[in-house]
Engineer: 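Attaching a single structure in structure tokens format; questions to follow.
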Amino acid sequence: MAVGTIALGAATLGYAVGIERRRWTLRTAELPVLAPGTPPFTILHVSDLHMLPGHQAKQRWVAALDELEPDLVVNTGDNLSHRTAVPSVLRALGPLLDRPGLFVFGSNDYYAPKPKNPARYLMPRGKKKRIHGTQLPWRDLRAAFVEHGWVDLTHVRRTVDVGGRAVFAAGVDDPHLHRDRYSDIAGPADTTAAVRLGVTHSPEPRVLDTFATDGYDLVLAGHTHGGQLRIPGYGAIITNCELDRSRARGASRWGARMWLHVSAGLGTSPYAPARFACPPEASLLTLVPRGSDAPDPRKPAPRKAAKPVR
């Protein structure tokens, strides 16, 4: 029995490290947030690349997402895992940078990851000591994004023209690091815009509540990795933030009117390179009119596995 348990554990770990963390997947969902009679609008949501210079297959897979021809790209942070990874991120996002884009940064854009005891993620947040690695070249990454026309939403409210439609968007710096200052963007969202988007890296409820109060239609976030290690039939064990486990990935309602979409992300820390029952993902969100016959996005969303990349 003991030998069988050890063998099963070894096989599970081998799958989580060697196979699933490279099984890049496209998640799709339809969200009823537009005014009646409005044509659909597509958003490619990319998050948590955690890029290393050697991640060449991942770079090719992400670049191929441009074939989806999204109307808008939203990047919710944690692009970097190494001080020399900026060129790798730009190769991955290269074709997408020519499309309208919005972004905010996460903790692993500012600081490199460090080895940590995995058990600390199971501790209450109040008892965790924050550990920062070396500073990363986030300013270089920001400059490249902005040079290509992407809008940095860090504590900014902005109306962006996307294919002739006004998208009102606002964002905050990473709440996981307590860098968020919602007061800088507080106030009712523009009701004349086609859609009102909130953007944050970590989906902390205190931030989501304020976006909902100000009348946003949809908030996009990352950070959770979908739980990264999920138990079939139970779901995420933790979210690494104050968000409840049931919302660790995918779409859900937040309050009476607003929707939340949390990306499970495309990477992991190099010191915890495993995923189980939670493949890395990007998401193609189709915004449709409210009251339409769109499938309920709270149900498990269809996913398309990645094609083999050489």
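Quick note: residue numbers are just sequence positions, from 1. All values reported here derive from a predicted model rather than from experimental measurement.
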Engineer: To the nearest 0.5 angstrom, please state how far the CG atom of L243 sits from the OG atom of S202.
Structural biologist: 8.0 Å

Engineer: If hydrophobic clusters are built from ILVMFWY residues whose side chains come within less than 4.5 Å, do L102 and V219 share one?
Structural biologist: no

Engineer: Would you call R196-D217 a salt bridge at under 4.0 Å N-O?
Structural biologist: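 Counted as a salt bridge, because a side-chain N and a carboxylate O are separated by less than 4.0 Å.
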
Engineer: D184 vs R157, test: salt bridge (charged side-chain N to carboxylate O under 4.0 Å, His left out). Steps then yes/no.
Structural biologist: CA-CA 9 Å; D184 288 1; R157 291 159 55 101; over 6 Å; no

Engineer: What's the shortest heavy-atom distance between A170 and I185, and which atoms?
Structural biologist: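 Heavy atoms of A170 and I185 come nearest at CB-CD1, 3.9 Å.
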
Engineer: Evaluate whether atom CZ of R83 has more than 12 neighbouring non-hydrogen atoms of other residues, nucleotides or ligands under 6.0 angstrom away.
Structural biologist: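 Open.
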
Engineer: What residues form a salt bridge (charged side-chain N to carboxylate O under 4.0 Å, His left out) with D190, not counting sequence neighbours?
Structural biologist: none

Engineer: Pick one: which of D174, D180, D78 meets side-chain hydrogen bond (donor to acceptor under 3.5 Å, both in side chains) with H201?
Structural biologist: D78

Engineer: Not counting sequence neighbours, which residues clear side-chain contact (heavy atoms from CB on, under 4.5 Å) with S47? List them please.
Structural biologist: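 S47 satisfies side-chain contact (heavy atoms from CB on, under 4.5 Å) with H45, T76, S263 only.
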
Engineer: Identify, with sequence neighbours excluded, every residue that meets ring-ring contact (aromatic ring centres under 6.0 Å, His included) alongside W150.
Structural biologist: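 Here the qualifying residues are F145.
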
Engineer: To the nearest 0.5 Å, what is the distance between CG on L153 and CZ on R158?
Structural biologist: 7.5 Å

Engineer: Looking at residues at least two apart in the chain, or sitting in another chain, which of them share a salt bridge (charged side-chain N to carboxylate O under 4.0 Å, His left out) with R21?
Structural biologist: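 Here no residue qualifies.
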
Engineer: Treat each ILVMFWY residue as a node, draw an edge where side-chain heavy atoms are under 4.5 Å apart, and state whether V172 and V167 are in one component.
Structural biologist: no

Engineer: Going by an N to O cut-off under 4.0 Å, is there a salt bridge joining E20 and R275?
Structural biologist: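 Salt bridge: no.
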
Engineer: Tell me, please, which residues at least two apart from A35 pass side-chain contact (heavy atoms from CB on, under 4.5 Å).
Structural biologist: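 side-chain contact (heavy atoms from CB on, under 4.5 Å) check on A35 returns T38, R290.
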
Engineer: Determine whether D48 and H223 satisfy the following criterion, side chain to side chain donor-acceptor pair (under 3.5 Å), listing intermediate values before the conclusion.
Structural biologist: CA-CA 7 Å; D48 296 86; H223 177 71; 5.5 Å; no

Engineer: Per the side chain to side chain contact (heavy atoms under 4.5 Å, CB included) rule, which among V73, L284, L197, V195 passes with I43?
Structural biologist: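 Only one of V73, L284, L197, V195 forms a side chain to side chain contact (heavy atoms under 4.5 Å, CB included) with I43, namely L197.
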
Engineer: So, does Q228 use its side chain to make a donor-acceptor pair with the main chain of A274 at under 3.5 Å?
Structural biologist: yes

Engineer: Step by step, would you call L260 with L208 a side-chain contact (heavy atoms from CB on, under 4.5 Å)?
Structural biologist: CA-CA 8 Å; L260 168 68; L208 302 178; 3.8 Å; yes

Engineer: Checking P232 now: which residues fulfil side-chain contact (heavy atoms from CB on, under 4.5 Å) with it, not counting sequence neighbours?
Structural biologist: F276, A277

Engineer: Which pairs, with at least one residue in residues 98-108 and sequence neighbours excluded, count as a side-chain hydrogen bond (donor to acceptor under 3.5 Å, both in side chains)?
Structural biologist: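 Sorted pair list: D66-R99.
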
Engineer: Tell me whether V199 shares a hydrophobic cluster with V207, the cluster being built from Ile, Leu, Val, Met, Phe, Trp, Tyr side chains joined at under 4.5 Å.
Structural biologist: no

Engineer: If you look only at distance, which donor and acceptor atoms sit under 3.5 Å apart when one is on a side chain in residues 85-95 and the other is two or more places apart or in another chain?
Structural biologist:
unit_1 : atom_1 : unit_2 : atom_2 : d
S88    : OG     : R91    : NH2    : 3.2
R91    : NE     : Q59    : OE1    : 3.1

Engineer: Taking atom CG of L285 and atom CG of L218, what is their separation to the nearest 0.5 Å?
Structural biologist: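 Interatomic distance, L285 CG to L218 CG, rounded to 0.5 Å: 7.0 Å.
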
Engineer: With rounding to the nearest 0.5 angstrom, report the CG to NZ distance, L52 to K58.
Structural biologist: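 These two atoms lie 7.0 Å from each other.
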
Engineer: Does NZ or CZ of R142 fall inside the cone over F103's six-membered ring, less than 6.0 Å from its centre and within 45° of the axis?
Structural biologist: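 No; the conditions do not both hold, so R142 does not lie above the ring face of F103.
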
Engineer: Applying side-chain contact (heavy atoms from CB on, under 4.5 Å), name anything that partners D244, two or more places apart in sequence or on another chain.
Structural biologist: S246, R247

Engineer: Calculate, to the nearest 0.5 Å, the distance between atoms NE2 and CH2 belonging to H261 and W254 respectively.
Structural biologist: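 That separation rounds to 15.0 Å.
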
Engineer: Quick one: list whatever passes side chain to side chain donor-acceptor pair (under 3.5 Å) with Y110, sequence neighbours left out.
Structural biologist: D173

Engineer: Output the distance between atom CD (E69) and atom CG (L44), rounded to the nearest 0.5 Å.
Structural biologist: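 Spacing of CD (E69) from CG (L44) equals 12.0 Å.
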
Engineer: One pair to check against side chain to side chain donor-acceptor pair (under 3.5 Å): H225 and H50. What are the steps and the verdict?
Structural biologist: CA-CA 11 Å; H225 295 190; H50 291 283; 3.0 Å; yes

Engineer: Is the shortest heavy-atom distance from the side chain of N79 to the side chain of F105 under 4.5 Å?
Structural biologist: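 Answer yes - side chains close enough.
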
Engineer: Hydrophobic clusters here meaning ILVMFWY residues chained together by side-chain heavy-atom distances under 4.5 Å, can you tell me if V162 and L220 are in one?
Structural biologist: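 Result: yes, single cluster for both.
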
Engineer: Apply side-chain contact (heavy atoms from CB on, under 4.5 Å) to residues N75 and V104 and explain how you reach the verdict.
Structural biologist: CA-CA 7 Å; N75 181 316; V104 295; over 6 Å; no

Engineer: Would you sort out whether D71 and T42 count as a side chain to side chain donor-acceptor pair (under 3.5 Å), showing the intermediate values?
Structural biologist: CA-CA 5 Å; D71 295 308; T42 57; 3.1 Å; yes

Engineer: Just jot down the salt bridge (charged side-chain N to carboxylate O under 4.0 Å, His left out) partners of R165, sequence neighbours excluded, or say none.
Structural biologist: none

Engineer: In the single-linkage hydrophobic clustering (I, L, V, M, F, W, Y; side-chain heavy atoms under 4.5 Å), do L31 and L72 co-cluster?
Structural biologist: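 L31 clusters together with L72.
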
Engineer: Got a sec, which residues hit ring-ring contact (aromatic ring centres under 6.0 Å, His included) with F211, two or more places apart in sequence or on another chain?
Structural biologist: Y182, Y216

